[in-house]
Every structure is written in C-alpha cells, then in structure tokens.
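Notes follow once the structure below has been shown.
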There are 2 protein chains.
Amino acid sequence: MRPTVNDIAREAGVSLATVDRVLNARPGVREKTIKAVNDAIAKLGYVRDLTAANLARSRNYRIAAILPDAESQFVQSLAQALQEAGSLAATSRVDLQVLRFPTEDPHALAAILTGLPARGFAGVALMAPETPVLRDAVRALRAKGLPVVALVSDLPATGRDHFIGTDNHAAGRTAGVLMGRFLGDSPGQVLVLGSSLLARDMVERRRGFDAVMLRDFPQIEVLQSLETHGSPQLLRQVVSQMLANAPGVRGIYSMGDGQRALTQTIEDMGLSGKLVVICHQLTPHVRSALQAGTVTAAISQNLGHLARSTLRVLRAKLDQQPIDEGQEQIRIEIVLRENLPDTPDSGLQTSEDAA
Amino acid sequence: MRPTVNDIAREAGVSLATVDRVLNARPGVREKTIKAVNDAIAKLGYVRDLTAANLARSRNYRIAAILPDAESQFVQSLAQALQEAGSLAATSRVDLQVLRFPTEDPHALAAILTGLPARGFAGVALMAPETPVLRDAVRALRAKGLPVVALVSDLPATGRDHFIGTDNHAAGRTAGVLMGRFLGDSPGQVLVLGSSLLARDMVERRRGFDAVMLRDFPQIEVLQSLETHGSPQLLRQVVSQMLANAPGVRGIYSMGDGQRALTQTIEDMGLSGKLVVICHQLTPHVRSALQAGTVTAAISQNLGHLARSTLRVLRAKLDQQPIDEGQEQIRIEIVLRENLPDTPDSGLQTSEDAA
DNA sequence: CAGAAAATGAGGTACGCACCTCAAAAACGC
DNA sequence: GCGTTTTTGAGGTGCGTACCTCATTTTCTG
C-alpha cells in the first residue's frame, strides 16, 4: 500500500493539518517542523496521489491552443488533431480551446495572448512566428504563471517552457540523404520549394538539406529555393516553367505546403514517378501522391502525437510535474509508400502514441 | 460543470442508490427504471469520472509482462522500457511486473500463465511464439476475465485482446524499398539474415521484403536467408564466408538480432560503408554502426512507445474503456544517421509518444 | 513572568464515486 | 386482500487529498 498523508503525520509525529501545511506550502510552520515532515515523506517514499488531489481541488485544465488562421492543410490538420486530443482528454479534466489569429498581424496575436488570463486560461500552446511583440506578450504570460509551449516552430527568445515539434535542421538533413541516395550516382539538379509561413522552420530545413547535399552528394546541384508564398497558382507556374526549361532537374524538395498544386503539376506534365519528390507533412494529398508514386517520400511529424504531447506537457507544467522527455520527443518520420500507416485517426494525418 | 451522479438521480427522478445500481450493473432494478436512468445519462451527457471512480474503488492495475529469457539486446531493451514505463505509471496505480520464461519451453510458459490469476494479476502482456499449449493457456486466462495483449509478435489464434507491435509484413516491404533504391540500378545480390526466435515476425518480414524486391527491383537477386539461431559465432562465420565468396553481394538485410556480430564482421573485412546494410531494431550497436556508416538504415519500432502503449491498452481493457487506435498504432520507423534521435530515454532505445 | 504572537492540533466539509445496510414502498401471486 | 417477493430510497462509510475554522499549546518579546 502506498503511504498517505496520515502515515506521514504519524511518522513525523505531527497532526494532519501540519502535514497539509507543509505539503501545500502554507505559512505558519517552523523550519524544524517542515524538516521533520519532509524527512518522514522521504523515509516513507510518499508521493502525492495526483488524481485524489485534483479531485479535491476540483481542478480543471483550461488550455488555449493558438494557431495562425491560414487555410493551409497543415494548420487545418493540426487544429483537428488538437481538437480530437482535447475531447479525448476531456475525461481528465482538460478543456482545450483552439483559437486563431490573423497570420500577418503580430499585434492582434499579442492582444489575444494578453487577454488569455482574464478569460480563465491556465496554459497556452502557440504556433506563431517569433516577433518582438510576441516575445513580450509571452514573457508577460509566463510572468503571470501561465506555462507556454511553442508548437511546430520554436520560440527560443520568448523563454517558452517547452518546444513541441521536430528538429527541423535534422529533418532537412534527413530529406537530404534520402534525396541523394534515391537519385543515385549520376549528376542532376534538385528544385527546392518553400512557402514562407514560418520562416524559422524553412530556414532550418534548408540549411540541413544543403549541408548534407554539399557534403555527401556533390554530383547533385541544388537550385536556389523558390518561394511560393502559399499561392498554388504561383507554385504551379514556377514549377512547370522550371521543369520545362531545366531538363537536368531530377528531384524536387518541397519544404512547405502547397503539396496539392505540386503533385498535380507533376502529374499533368506526365512526370509522375520520374522524379524523386520529397516533401514535408503527410496530408491527404501527399498520401495519395505517395500511393500513386508521384511523391517518393514524405518527412512528417505525427500530428496526433504532437497534439497529445502538447496536452501532456502543459498538464505536467500546471501540476509542477516532471516531463517524460522520451515520451515527448517528436520523431522525424520517414514515410514511403510501403510504410504508409492506415489512418484510423482523423483521416487527415498519421498517428500513434501517448498518454 | 460536468454532470454528476446526483444530477442523474434528480433528472431521472430516482434515488442515488438506484443510479448507482444501474451504473454498476447491480441487480434488482426494473427494466423501466434502467431505461429512465440511461435516458437521463444520455440527456445530460454524463460521463463517469474515472479518476474518482478508481479512487473510490482503490483500484490498482496489477499487470504482468512476460518475455522470453533470451539474452538478446532487443528483449533486454524491451524489458527495460517496460520497467521504466511501469515505474512512471506507478503514479496512476499501475503495478507492472516483468516475468521471464525459458525460451524453448512452452509448457513452462503455460504454467506461468495459468498461475497468474492466483498471484493477483489482472492483465497480461505477452511476447512469445504461438504454440498450441500457449493458445489454450491464453484462452483460459481470457475466460477468467484477464485481458491479454500480444507484444511484438502477434498471437491471432489465441484470441488475444490486442496486438501491440508493428505490421511486420509492411516493415519487410519498407526494408525492401530502401534496399532497392539505395542499391541503385546496377545489378547485385542481397544477403538476408534471420535468427528464428519468433518465427512469425521473421517470416512476415521476409515475405514483405521479397515481394517488393521481386516486383520493383528485378535486377537485384535476393539470396536464400541464412538462419543464425542467435549464435554470434555462426553469424560471423556465415557472413564472412558469403562476402568472401560472392563478390556480387552489395547489400545485407538483417531481420533478426546479432547486429553486433554483423557490424563487427563487416568492419573487420573493411567493408564498412561499401555495403547497403539494413537491419531491424535500433540497439546501441546499431546506433554507433549507423553513425560510423556501417549500417545504412535501421527499421525500428519505438520500444518506449511500445511499453507505454501496452500499459495504456491494458488499463483501458481493465476499465472497459475504448482504445484510441491512433495513439496505439506502433509506427514503422526508418532511422538513418541523419534522423538518429538523441536518446534521453534509456540510452538503449529511441523514444517518443505516449501516456 | 505576563502578554502577545506564532505554531500546532482537532475536527469538519468537500470532491465524485463505489459499496453496503436496512427499512419502506411497490408489484406480484393466488 | 393477504403474504411474499421485488424494487426503491435513505443514509452511511471510505478512497486520498484540499481547505477551512477554532481552540489550544508553544515560543517569543520585553
């Protein structure tokens, strides 16, 4: 049987009330007594029963997940994954709300953040580009005691409590090896595409990709990256132009979104299966493109895991509990046609883990 | 506020005792009354607070994980991952014990299984080859109401409650694509190695591998698989002989354990980096071999996730709760040098997921 | 050493639920 | 309509903790 507060009281020779004062850091206890209680705790190996404690407190975890209001597949899928994880976690007193902010307006975002405590939120998960305004807003939140975790794209300067996402530099490197090895020994060129929604990710991926290509696959020439700014038309135009004019292009690395336009362009040009195409995120379009052979590999982070991890980490922070780093590390997944998971999840994204 | 049992009682116009009888399927309630209560539950959207319920029951989940007593790296790592997940889950009333059985003695295993209920175990996770004795023992357990999950290698004929592990056929296929693509267009031969601890896995992997190689990479000849029966000496001997005599061998697919002997043999022969080597499981040796370039890719299942998933699934079964299939699906991970996770976990295995 | 201040103890209530007992009410058989 | 069986209600106790009040004891101050 695990020891309880009563056991501690007996062991320390004090009353239950005193144990309670020590456990919950209430004032009015002598140093000496505090020590006696703590010794008893250590001796008995007491650990607070969190479920009972939460029951007594009738605690609930009101959490805000804040995402850009972009209509991108990725953000949509993430929002959905968060919603699902949230409703599943409702059993454990978690109340998650997904909020959106206008992508290009850091001040609006800051305003939302600032308003959170008044709205009763106790923790925040945030996916946003790092700006000075944002940094200050996050710091203010943390000063008020709200844990803040960065989602997908890190916010190191804000002093966020945790980052939940993959190592984008490593992801870029991984894409690099795959590209290099899949292309084989003969020379060729690689097209790199990137929207610029969250600059930090893209830059890191690109760096990792270039580093590997340069070092290990010198026979491949990596072309300058093409920014498509999330516009399918632009992407289509740029890609078809490049493919038509540069016969040496044998591979495409797509770092951002716009997978749908990309795969369609490739298929329209009859190049499906003739190029090595590597992209990020396993959206439904990428799924079918993998199956059709238009996309060779996808580098993805598991959104279900991401969402569940977010909730676990925020809850741990709110409970002042330690975090199981192993469990919260988001892996860089390589998805080929052959290891495409069937998707019992949302139908939007692969899944796994948790809780 | 979430509705409670009291709200149901009021809504249904019955007493708390009756609600309790209905909720816990106790006898002595008329059909009509049961319906009234259930209607109230549906109307209010009541969901039982599991943490409070478990507190009241002072429920604990005593679980046995049963593994072969093989000294293989894989089994050791799995045991460790289970232990760790177990001690972390101790906070949530989980008491996990890892038991071992003599690998080659199905009757001893059956005896252990049969003895479990008497020893107070309420759920079982089992990694073992499927034999008739085992099948009967598992069925007997399930008849007694103990949930049983199969670990790593499935036990379909036993009627186990759940299988926790990867789709080995898909894993073999994945290894196949990687091998084929990494080898490039020129012809060559591939060596396949397999111990035979858990026949089912190996067979499935082999089938998947062969299917892909045959269909997509006809220029590569896949040699007959070599059984090493877990003996490092035998493996070393077989491999060096093959490599010396068959100059066409450009790749090695190692389906089982004995990674250490394999990588050392390759390094001793000065072939590190000159062969495409794909193996299963990311043991410490494979990690360093990946870094050194001796191993090209590892197909792995995340043991931390596997362990956490095991506990979650068994707990869900014991609570008669539904399972989040998305979270419990064990992904087939492809690990290259570039996406080698740093291992905050056990140092023995990569990690991620689960709670 | 008296008086004030600080520390401690005793006890209760609550959280949401499980599980038990005993009496009262309702339904049933004949 | 009687006795019998079944169903229901009322109420209590406990799980392990939080949080509150009020009395009592101990310690400090001058």
Side-chain angles (χ1 to χ4, degrees), chain A residues 1-41 44-61 90-95 122 318-321, chain B residues 1-41 44-61 90-95 122 318-321:
Chain A
M1 264 308 171
R2 271 172 53 183
T4 75
V5 277
N6 287 292
D7 299 324
I8 300 179
R10 203 177 320 114
E11 177 71 27
V14 300
S15 76
L16 222 147
T18 301
V19 173
D20 177 67
R21 288 182 185 111
V22 174
L23 275 178
N24 297 294
R26 278 184 253 280
V29 187
R30 268 183 308 175
E31 272 311 318
K32 220 175 93 186
T33 316
I34 295 184
K35 186 174 178 321
V37 172
N38 282 329
D39 287 351
I41 290 178
L44 297 182
Y46 168 83
V47 271
R48 195 202 230 96
D49 184 328
L50 253 182
T51 62
N54 284 340
L55 177 59
R57 294 197 172 106
S58 52
R59 191 184 206 332
N60 57 341
Y61 305 85
T91 340
S92 40
R93 304 166 186 286
V94 170
D95 170 17
L318 288 169
D319 284 338
Q320 322 239 43
Q321 286 284 100
Chain B
M1 264 308 168
R2 271 170 54 183
T4 74
V5 277
N6 286 292
D7 299 324
I8 301 178
R10 201 176 324 114
E11 177 71 28
V14 301
S15 77
L16 223 150
T18 301
V19 174
D20 177 69
R21 288 181 185 114
V22 174
L23 275 179
N24 297 293
R26 279 183 250 280
V29 186
R30 266 183 309 175
E31 271 312 317
K32 218 175 96 185
T33 316
I34 294 184
K35 187 174 177 318
V37 172
N38 283 327
D39 286 350
I41 290 177
L44 297 181
Y46 168 83
V47 271
R48 195 203 230 95
D49 183 329
L50 250 184
T51 63
N54 285 340
L55 178 61
R57 285 196 180 107
S58 53
R59 193 184 205 332
N60 58 341
Y61 306 84
T91 339
S92 39
R93 305 165 186 285
V94 170
D95 170 17
L318 288 168
D319 285 337
Q320 322 238 46
Q321 285 284 100

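As the structure is a computational prediction, the values presented were derived from the model and not from experiment. Reminder, nothing fancy here: chain letters follow the sequence lines and each chain counts from 1.
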Exercise. Can you tell me how far P of dC20(C) sits from CG of L16(B), to the nearest Å?
Worked result: 16 Å

Exercise. Whole-Å distance between dC20(C) P and L23(B) CG?
Worked result: 16 Å

For this session: Please report, rounded to the nearest Å, how far the C1' atom of dC15(D) is from the CG atom of N54(A).
Result: 15 Å

Exercise. In whole angstrom, what separates R26(A)'s CZ from dA7(C)'s C1'?
Worked result: 15 Å

Problem set entry | Listed nucleotide nearest any side-chain atom of T18(A), set dG14(D), dG9(C), dT27(D) | dG9(C)

Problem set entry | N/O (side chain, R57(B)) to phosphate O (OP1/OP2, dA18(C)) under 4.0 Å | yes

Exercise. Hey, is the main chain of V94(B) close enough, under 3.5 Å, to the side chain of S92(B) for a donor-acceptor pair?
Worked result: no

Exercise. With the threshold set at 4.0 Å, does a side-chain nitrogen-carboxylate oxygen contact exist between R2(A) and D7(A)?
Worked result: no

For this session: Answer with base, sugar-phosphate or nothing: what part of the nucleic acid does A17(B) contact at a heavy-atom distance below 4.0 Å?
Result: base

Exercise. Pick the nucleotide of DNA chain D nearest each of K32(B) and D49(A); which residue has the one closer to the 5' end?
Worked result: K32(B)

Problem set entry | Euclidean distance, R93(A) CZ relative to T51(A) OG1, rounded to 0.5 Å | 9.0 Å

Exercise. For the pair made of CZ in R21(B) and C1' in dT6(D), what is the distance, rounded to whole Å?
Worked result: 11 Å

Problem set entry | Separation of atom CG in N6(B) from atom C1' in dG9(D), rounded to whole Å | 14 Å

Exercise. Hey, what do you get for CD1 (I8(B)) to CG (L44(B)), rounding to the nearest 0.5 Å?
Worked result: 6.5 Å

Problem set entry | Whole angstrom value for the distance that separates C1' of dC15(D) from CG of L55(B) | 4 Å

For this session: Would you mind telling me which residue lines up with the more 5' stretch of DNA chain D, A52(B) or S15(B), judged by nearest nucleotide?
Result: S15(B)

For this session: Round to the nearest Å and state the distance from R59(B) atom CZ to dC15(D) atom C1'.
Result: 14 Å

